[in-house]
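Down below is the structure, laid out as C-alpha cells.
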Amino acid sequence: MRKADREAEGTRIDLLAQELEGEGRIEPAIELYRVAAKLGNLGARIQLSALLGDLAMPHASAEAIYWIRRYAPDYPSHAWWNLAMYHRQRGNRRWYLYWLKRSADEGDEDAIAALNDPDRLKQAWWALDGIEPPPSFRLRGV
C-alpha cells in the first residue's frame, strides 16, 4: 500500500472511531483507533493513548504508554504532558515531575504554569505527603 493510501485509510478509520466514541461505544472505537494508529494516524495515536490511559487497567496502561511514545516525535509537549499526568494518577512523584519538566521545556503552557506556581506545585506533593489523592482528570486527547 502506498504511503498516501495508508494515510487516507488511517484518516478514514480514525473518523469512524471518532463517531463510535461520540456515541459512547468505547471498546469498538478503541479497536478502530488501534488500526488507524498502526497506519500512522497521529490523531488516532493520541486519542488511543488517552482512552487506554483512562481505563486504568495494567495492560491498557502499558499500551497507552506505547502509543504516547509513538506519537512523541510528532507532538512532544503533548506526549510529555500525558506521561506526567499518567504518573501523577499513579502517585509516582519522581516521574510526574520529570515529564512535567520535559513538557515545560517543550513550551507546554500548562506545564510551565504548574512548575511556576508554588501553590499548584505544592499540590503535586500529595504523592508523598499522603494528604489526599489527586483530583481525577483525563489525559489529553485530540
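Only a predicted model underlies this, so the values are computations on that prediction, with no experimental measurement involved. This chain uses plain numbering: 1 for the first residue, then up along the sequence.
- With hydrogens and angles disregarded, no donor-acceptor distance shorter than 3.5 Å links the side chain of Ser103 to the backbone of Trp99.
- Side-chain polar atoms of Arg102 and Tyr98 form a donor-acceptor pair below 3.5 angstrom.
- Nearest heavy atoms, Ala64 versus Leu52: CB-CB, 3.8 Å.
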Review point. Is there a side chain to side chain donor-acceptor pair (under 3.5 Å) between Tyr33 and Gln18 once you walk through the steps?
Key: CA-CA 8 Å; Tyr33 281 131; Gln18 289 176 39; 5.2 Å; no
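- Here the shortest heavy-atom pairing between Lys38 and Arg6 reads O-NH2, 3.4 Å.
- Distance check, rounded to the nearest 0.5 Å: NE2 of His87 to CZ of Arg94 gives 10.0 Å.
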Point to revise | Worked verdict on Trp81 versus Asp110 for side-chain contact (heavy atoms from CB on, under 4.5 Å) | key: CA-CA 8 Å; Trp81 171 268; Asp110 290 330; 3.5 Å; yes
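- Between Leu100 and Ala114, the shortest heavy-atom distance links the atoms CD2-CB, 4.0 Å.
- The CG atom of Asn116 lies 12.0 Å from the CD atom of Glu109; values are rounded to the nearest 0.5 Å.
- Linking ILVMFWY side-chain heavy atoms closer than 4.5 Å, directly or via other members, places Leu97 and Met85 in a single hydrophobic cluster.
- Clustering ILVMFWY residues whenever any of their side-chain heavy atoms sit less than 4.5 angstrom apart, transitively, puts Leu51 in a cluster other than the one holding Leu16.
- Put simply, the side chain of Asn41 never gets that close to the backbone of Ala37: no donor and acceptor are under 3.5 Å apart.
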Check your understanding: Does the pair Arg90 and Ser61 meet the rule for a side chain to side chain donor-acceptor pair (under 3.5 Å), with working shown?
Key -> CA-CA 10 Å; Arg90 284 148 186 80; Ser61 297; 3.0 Å; yes
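- By the criterion of side-chain heavy atoms lying less than 4.5 angstrom apart, applied directly or through intervening Ile, Leu, Val, Met, Phe, Trp or Tyr residues, Leu42 is grouped together with Ile68 in one hydrophobic cluster.
- In this view, Arg70 and Arg45, Tyr66, Trp67 satisfy the side-chain contact (heavy atoms from CB on, under 4.5 Å) rule, not counting sequence neighbours.
- Annotation: the span from Glu21 atom CD to Glu27 atom CD amounts to 11.5 Å, rounded to 0.5 Å.
- Taking a cutoff of 4.0 Å between a charged side-chain nitrogen and a carboxylate oxygen, Glu63 and Arg34 qualify as a salt bridge.
- Remark: Glu9 engages Arg12 in a salt bridge, criterion side-chain N to carboxylate O under 4.0 Å.
- Smallest separation of non-hydrogen atoms from Ala111 and Ala104: CB-N, 3.5 Å.
- Contact check for Glu31 versus Val35: no side-chain heavy atoms found under the 4.5 Å cut-off.
- Aromatic ring centres of His78 and Tyr71 lie closer together than 6.0 Å.
- Of the residues Leu15, Leu48, Leu20, Asp14, the one that meets the side-chain contact (heavy atoms from CB on, under 4.5 Å) test with Leu32 is Leu20.
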